[in-house]
Each structure stands twice: as C-alpha cells, then as structure tokens.
Amino acid sequence: MVLGSKVSRIPCLSHFGVVHQTNTMATLSDSLSVHSPSIAEPERHRNGTHFLISLRNLCRSGKVKNLDEALDLFQGLARMKPLPSVKDFTLLVGVVVRMKHYTTAISLVKHMDSSLGIEPDTITLNIVINCLCRLKFIAFGFSVFGNMFKLGLEPTHMTLTTLINGLCVQGNVAQALELAYHVENMGYPLDVYTYGVLINGLCKMGDTSAALGWLRKIEQRNWKPNVVVYSTIVDGFCKDGLVCEAFNLWLEMRAKGVLPNLVTYTCLIQGLCNFGRWKEAGSLVNEMMKIGMMPDLQTLNILVDAFCKEGKIMQAKSVIGFMTLTGKGPDVFTYNSFIHIYCLQNKMNEAMKVFHLMISRGCLPDIVVFTSLIYGWFKDKNINKAMHLLDEMGKMGLLPDVVTWTTLIGGLCQAGRPLAAKELFFNMHKYGQFPNLQTCAVILDGLCKGHLLSEALSLVEMMEKSNLDLNIVIYSILLDGMCGAGKLNAAWELFSSLPAKGLQINVYTYTIMIKGLCKQGLLDKAEDLLMNMEENGCLPNNCTYNVFVQGLLTKKEIARSIKYLTIMMDKGFSVDAATTEMIINYLSTNAGDTKIREFLFQKR
DNA sequence: TTAGGGTTAG
C-alpha cells in the first residue's frame, strides 16, 4: 500500500469506515507545520533532554491525563531536533492505547513513519497489531505481522500473544488455541501471559472448566500464575453462577501467595450480588476497605446495579451517597441502573426524571441509556414516546446499534405489529447493523405470538441455511409457537431431534413441551416428560410445576393436582397467580369438593 | 482481569 513515496507498514482502515484517524492526522499535521520558536542550539538540547525525561516519567507513571495531553506531548516530540528515538514515540503511543484510543494510536504510528521518517520497531508494530485486533480488524493484524518479516523485524512471543488475543477477542478461541500450539511447535516459547490470554478467551466463551485446565497446565510447567489469571477464572466461575468454585479458587490463590486485587474482589462481589448473597458481598466490601483497598467507581456501580435489580432502591441511593462523599461518580452507568429498573417496573415518569437529572448534572446519556428508555416506553405501550427518543438520540449523533434495533423490533411485536417488525428486521442491514441470534429470537417470538407460524417456520429455515449457529433459545421459541398453533406432532418431532443437532435441552424447552402436551390433554405424556427431565439432569423449576398443575386443573384432575402442589411446597416453590386463579375458579364452581379445601387449609 | 441496554416457559 503506497502512502506518499514511502511504503506504509500500516494497512489502510478507511475501507472499513474508520475515518476518525484522518481527522486526527489533519489536526496533527496542521499543528506540526507550525515552526517551533528559535532557541540557541545548546539551550534547545538542554530543554530537549529535560522534556524527554519528564515525558518518560509521565508515560511510565500513568500521569498523562487525557488524549489531548498525549497529543500535545506527541507534537512536542515531533518538534525536537534531532528527533527522539522510536522508543520514546512508542512509549507515548502505548499511553494512547491504554486510553483505548486505538484508531488514534494507529494514526500516530502512521504519522511517525510516513511524515517524520521514524521507522517503527517490533514493539511499535506489536502495539499496532494490538490496536487492529481490538478494533476487530484481525486480518490487518496478521498482515502487519507478515510485513514485519519483510522489514527484517523479528516478531517476539508478545507479537504472537497479541495475535492469539486478537483471535480470542473475535470469539475465535479454537483458532487461537491452534495458533498457540503451532507457535510453540515453531520454537517460540509461550509464557504465563499467552496462557492468560487463552484462559480469558475460554472464560469469555463460557468454558470456565477448560480455562481452569489451562491454569493447571501453567502450574505443571512450574510457572507461577499471576493475579490476572486467577481473577479471570474467578470472574468466569461467578458469571457461570458457580460462586462456591470461585471462592475455592480465591482461597487457593491466597494460599499460594497470590494476593487478590481490586478486580478479584470486584468479580466476587458481583458474583455474590447476582445471587442475592448480600451479606457475604457486604463482608467482602468491608474486608477490602479494612486492608486499605477502596472500591472504585466500577465496583460501586456494580453494587448500585445489583441493588436496583433487587428493587432495593434505598440501598442503591445510599451507595450514591458514598460516591458523592468520596468524589467518585455517579456516572452514566450509575444513572442507567436506575433508569433501567424504572423502565422494567413501568415507572416511566421516574425513569424520565433520572434521565433529565443526569443531563442537568452534565452527564450525557449514551446509547445504552436511550435504548433502556425506548424499551421502557414500548413496554408502556407508548410507541410515540419511544420514537421521539429515537429521534433525540439521532440528534445527539448516536446511531442505533444492534441492541437498539432488537429493542425496536421487539417493541413493534409487543405492540401487535409483527409484520412491521419483520420489515425492520430485514432492513436493518441498510443502516449498517446486522441481526444477531438475539435479534432473530425476538422477531421469531413476535411472529409466533402474532399467529404467523408459517412466517416463523420459513425464517428458521432461512436461518438454518445461513451460517448462524442456532441455539436452544431459537428452537424453544419455535416449539412454543408450534404448540400454540396446535402442531403438537411436528413440535414433538422437532423436540426429539434437538439432541442430534448438538443442542442441550433446558428447563425452558421442557416446560414449553409440557405445556404443549397439557394443552392437548396428554397429561400422562406430560407427566412422563416431567419425570424424564429429572433423569436427564435438568431440574424442573417453579414455572414447570405451575404449568403442569395448570394442565391438571384444566382437566379437573384434582387428586393429581394436590399431589404436585404438595411436591411444589416441599421443594419450596410458590404457586403463581395463574395457578391460584384456576384453583379459586375451581372452588367457586365446585364448592362441594372437600379434598382441595382440606389441602389449602391444612396446617403446615 | 472487573460495571449498565435487547431473547424463550408461569
């Protein structure tokens, strides 16, 4: 790729709409063309040395405050005569990368190379590869890797670790593992960091047990796993709901002399909060504060969000009090936690109050906040308000992402307009957004619930033909649609074929089929399935029992209803509103039936 | 290595 008269080492991103760099470069070039004030040579040399020393200190201590300051420093470097070494430039680019300004970092390297004549070294190109991978331009990352050889630069194991990480970030962990094996066979020694990257990739795809296996491999090689590796797996266990396993690993790391840091604590606190284990989460917060580790805004936001999701608004507000006291936050994450819960609770006035409050306090709403509100207004059946916010969002220069599109599609389905939703689904690509599995699930459910089963079936057929890896959620939705339309035989056939597709039938799928069988009056078959699911290691939940009891009550199978209501009580499950209503209805028309009366009023 | 928005059964 030719850039001026020199061969650029960085592939062009403009094909992919990454144009921000051009603007950055225009500003930079303009500023750089201004002549520096004339200083006598020895004086300039002294000033230059002083500038370089202070720049290195600033970069290494992490004290560069923002992107503007980093760009000013870059201009300072570019003005020096003679120009500083590539190492100083690279140090500064590294700072920009830590601020997550990946496109700008790439632009800076490009400018060093093509305008200043500073040739990148291996470390500079490692940084560029990392930026390209983070921006999901992994193919370009590999092409920079290829260029390294042409330039006579030897890639290091860090180059390879960066590429392995790039594959993981893209969700391509299998290829990342393959590359890691290949790299090792080629004689590049991997280290704890490479294994850490693979462990992170495995955790992100939900395979925490495989990640744990790689931790053991680190130990077998007599390397010492670091706090990042442990924290990654602790987080993985927490996200899988395996908080006990997370705690065991936490104990293990401490026993092995690796001290948990703020991230490790934060992961565990979130794991505990997600399962309502408030007391233990509180103890952990106290413990960390006792050892002088103050929770940061991210940790506090996790607490706020968890409290909001539990409906504990007062406690959430008290965390905000703590934030104000310590001068951290609230920020857009904090406000969104409140907005989201108010939207879920149909308290749209409250949600809008928070929305206006954040704006009045100078905190700009982002796409997540707008999407929460659009979801809330649709849920409140106020399409006009939802559309108005979509407009407002556009005026702020925020483009809807795939989540916003999914929300709009779901909203139209809820509003009884599944065909309009289908239009959006098939046209969103024109706006640069492509449906993902969750979008497909939403439209499919809308079509099924809108009694458009044949449309739903052809959509699934289309999805099967494409490269989408359909999951159990998609098939569960379709099964529910088929059962709802009375196509029980076809549903049963599909249900039976799911294991052969490599799909794990879950409690939703079983419950949907039990409901379908009950609807057709096939109570014995439904009961068999209920038994069967336990044998298959999938435990029925509150909903499963309610669905089955409702089936029994519809057929006036009172003795069997009582049997299953008793089982539910013993297991600590509650009778939901629909089941209760059916019992009351039965009692009002069968006042003479003493069995269910005795059951309801027995002393327990 | 850690945080917020969209999916399936009652």
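Treat the numbers as computed from the prediction; the structure is a model and nothing was measured. So that the names make sense, note that chain A is the first sequence line, chain B the second, and so on, each numbered from 1.
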Report which part of the nucleic acid A:Asp401 touches: base, sugar-phosphate, or nothing (heavy-atom distance under 4.0 Å, all strands). base
Hits for side chain to side chain donor-acceptor pair (under 3.5 Å) against A:Asp296, two or more places apart or cross-chain, chain-then-number order -> A:Thr299
Have a look at A:Thr404 and say if it touches a base, only the backbone sugar-phosphate, or nothing, with a 4.0 Å heavy-atom cut-off. base
Can you name the residues that form a side-chain contact (heavy atoms from CB on, under 4.5 Å) with A:Arg98, not counting sequence neighbours? A:Val95
Got a sec, which residues hit side-chain contact (heavy atoms from CB on, under 4.5 Å) with A:Glu455, two or more places apart in sequence or on another chain? A:Leu419, A:Lys422, A:Leu447, A:Leu452
Heavy-atom contacts under 4.0 Å between residues 371-382 of chain A and DNA chain B, which residues? A:Thr371, A:Ser372, A:Tyr375
Can you tell me if A:Glu493 has over 12 outside heavy atoms packed within less than 6.0 Å of its CD? no
Check for me whether A:Lys217 meets the cation-pi criterion with A:Trp223, that is, NZ or CZ under 6.0 Å from the six-membered ring centre and within 45 degrees of the ring axis. no
What nucleic acid atoms does A:Val473 come within less than 4.0 Å of, heavy atoms only: base, sugar-phosphate, or nothing? base
Test A:Leu408 against every option in A:Phe425, A:Tyr375, A:Phe378 by the side-chain contact (heavy atoms from CB on, under 4.5 Å) rule and name the one that passes. A:Phe378
Distance only, no hydrogens: is a donor on one side chain within 3.5 Å (strictly under) of an acceptor on the other, for A:Asp235 and A:Thr232? no
Checking A:Arg560 against A:Glu557 for the salt bridge (charged side-chain N to carboxylate O under 4.0 Å, His left out) test, could you report, in this order, the C-alpha distance in whole Å, the side-chain angles of both residues, the deciding distance, and whether it holds? CA-CA 6 Å; A:Arg560 265 212 279 188; A:Glu557 288 256 11; 3.4 Å; yes
Whether the A:Asn301 and A:Thr334 side chains hold a donor-acceptor pair (N or O, under 3.5 Å, no angle test) is what I'd like checked. yes
How would you label the contact of A:Leu479 with the nucleic acid (heavy atoms, under 4.0 Å): base, sugar-phosphate, or nothing? nothing
Tell me, please, the opening and closing nucleotides of DNA chain B, 5' to 3', among those with an atom under 4.0 angstrom from a non-hydrogen atom of chain A. B:dT1 to B:dG10
Residues in side chain to side chain donor-acceptor pair (under 3.5 Å) with A:Thr439, at least two apart? A:Thr406, A:Asn436
Short side-chain donor-acceptor distance under 3.5 Å, A:Asn336 and A:Ser372: yes
Might you work through the side-chain hydrogen bond (donor to acceptor under 3.5 Å, both in side chains) test for A:Thr162 and A:Asn130, ending with a clear yes or no? CA-CA 6 Å; A:Thr162 306; A:Asn130 183 31; 5.6 Å; no
Which parts of residues 225-243 of chain A get close to DNA chain B, meaning a heavy atom less than 4.0 angstrom away? A:Val228, A:Ser231, A:Thr232, A:Asp235, A:Lys239
Between A:Met568 and A:Asn546, is any pair of side-chain heavy atoms under 4.5 Å apart? yes
Step-by-step ring-ring contact (aromatic ring centres under 6.0 Å, His included) determination, A:Tyr265 to A:Trp250: CA-CA 9 Å; A:Tyr265 273 100; A:Trp250 152 275; 4.9 Å; yes
I need the minimum non-hydrogen distance between A:Arg216 and A:Lys256, along with the two atoms involved. NH1-NZ, 4.1 Å
Test of understanding: with ring pair (Phe, Tyr, Trp, His ring centres under 6.0 Å), list the residues that count as partners of A:Phe338, not counting sequence neighbours. none
Positions of residues 526-534 of chain A (non-hydrogen atom under 4.0 Å from DNA chain B), listed by number: none
Could you list by number each residue of residues 299-312 of chain A showing a heavy-atom separation from DNA chain B of less than 4.0 Å, or answer none if no residue does? A:Asn301, A:Ile302, A:Asp305, A:Lys309
Under the rule for salt bridge (Lys or Arg N to Asp or Glu O under 4.0 Å), what residues qualify as partners of A:Lys224, not counting sequence neighbours? none
Within residues 326-342 of chain A, which residues have any heavy atom lying less than 4.0 Å from an atom of DNA chain B? A:Asp331, A:Val332, A:Phe333, A:Asn336, A:His340
Closest non-hydrogen contact found for A:Val507 with A:Pro540 is CG2-CA, 4.3 Å
